[in-house]
Number of protein chains: 2
Amino acid sequence: MKALEEKICKEGQVYPGNVLKVGSFLNHQIDVPFMCECGREFYKEFSGLGVNKILTIEASGIAIAVLTAQYFGVHTVFAKKSKTSNIADNVYSAPVKSYTHNVTNQVMIEKCYLNPGDKVLIIDDFLAHGEALTGLIKLVEDAGAEVIGAGIVIEKAFQEGGTALREKGYKIVSLARVQSMDAKTGAITFVD
Amino acid sequence: MKALEEKICKEGQVYPGNVLKVGSFLNHQIDVPFMCECGREFYKEFSGLGVNKILTIEASGIAIAVLTAQYFGVHTVFAKKSKTSNIADNVYSAPVKSYTHNVTNQVMIEKCYLNPGDKVLIIDDFLAHGEALTGLIKLVEDAGAEVIGAGIVIEKAFQEGGTALREKGYKIVSLARVQSMDAKTGAITFVD
């Protein structure tokens, strides 16, 4: 998605340790009209496949997930990173390491919100090592539901997550695939 | 909003300690088409007042905030509950006690995303004691920006937050105002 690549180059900031900061439009401030365009792209890619539910993970995935869900006219479920007094004991769970927060969370979703027969599209803001996506896929498959695919806003294609999951046969659509980032010059290149 | 009151009665579950669980449509699974209707209601209430930014707090506020923001055509910013390696030191912050999680978080927003002259609509899923809303108002006012008002999906009107903040002069619109909840019978009544 050319407009997204341009936006990343214009607004993104590269920091050491392969950190790409896009807080101006994706995961702190959200450019809602632009994210609606991203949601429309996901709809183009995954419509006609019977998607009846969108799954994401708190917190940064929620915005793009619900803005995508409105084109499909379906519900969104987000996996939670911690247990609250409001959540039932009856959950599907999976370990997900966060490199940003440097912790491993046992992410969870109440069982009643994922069911056999569900055709699930997973949506998330970033794909890098694939930890979150692998965990979300496990939740869906533990429920006996089907993963239709995954829509990712920004993939760090130089890290292994996307490649490994595509090799397993999952349909993964990333709207921008970063090939390289240089913290010294700020230069960002994309996979064709 | 009559449809919301009906949905709360149909899908909500009341637990001891004034817990109202609405995970089927608001804060675990999100009924996106229905939440779009809620966003449209907020737009009716606050359009024409110059709103140029919507502010919420992670995680449950994000969905309704961005679905509302699309009607205004504006950006959304969400306050974060913990510091990540991606967030700058230059933040506005406020203490917010969460009764659900039983912790006090220092919530924060990077200064560049709230500016003097901004006319901010605050959106959140729940209003009870008013802790989150009070914290968000502090962030806006610390930035020299203006609080246009707050749109809340469900207010527990039997708790003091809404009343106290309205008495201070803030325009607060709650789509459903719960007057009483009974954990034994499951009965829920609403303010007229």
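Note on naming: letters A, B, ... go to the chains in the order of the sequence lines (proteins, then strands), and numbering restarts at 1 for each one. Please read these numbers as outputs of a predicted model, since none were measured by experiment.
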Segment of B:Ser24 engaging chain A (4.5 angstrom heavy-atom cut-off): both
Heavy-atom contacts under 4.5 Å, residues 71-79 of chain A to chain B: A:Gly73, A:Val74, A:His75, A:Thr76, A:Val77, A:Phe78
Student check: side-chain heavy atoms of B:Glu110 and A:Gln29 closer than 4.5 Å: no
Verify same cluster id: A:Val191, A:Ile188 (apolar side-chain graph, 4.5 Å): no
hydrophobic_cluster_shared for B:Val19 and B:Val103, side chain cutoff 4.5 Å: no
Residue pair A:His28 / B:Met108: nearest heavy atoms and the distance that separates them: CE1-O, 4.2 Å
Atom of A:Gln70, atom of B:Leu67 and distance for their closest heavy-atom approach: OE1-CD2, 4.2 Å
Show the atom names and distances, to 0.1 Å, of all donor-acceptor pairs under 3.5 Å that link a side chain in residues 55-64 of chain B to residues at least two apart or in another chain.
residue: B:Thr56; atom: OG1; partner: B:Gly61; partner atom: O; Å: 3.4
residue: B:Thr56; atom: OG1; partner: B:Ile123; partner atom: O; Å: 2.7
residue: B:Glu58; atom: OE2; partner: B:Lys81; partner atom: N; Å: 2.7

Among B:Cys36, B:Gly23, B:Ala69, B:Gly17, residue most engaged with chain A (heavy-atom pairs, under 4.5 Å): B:Gly23
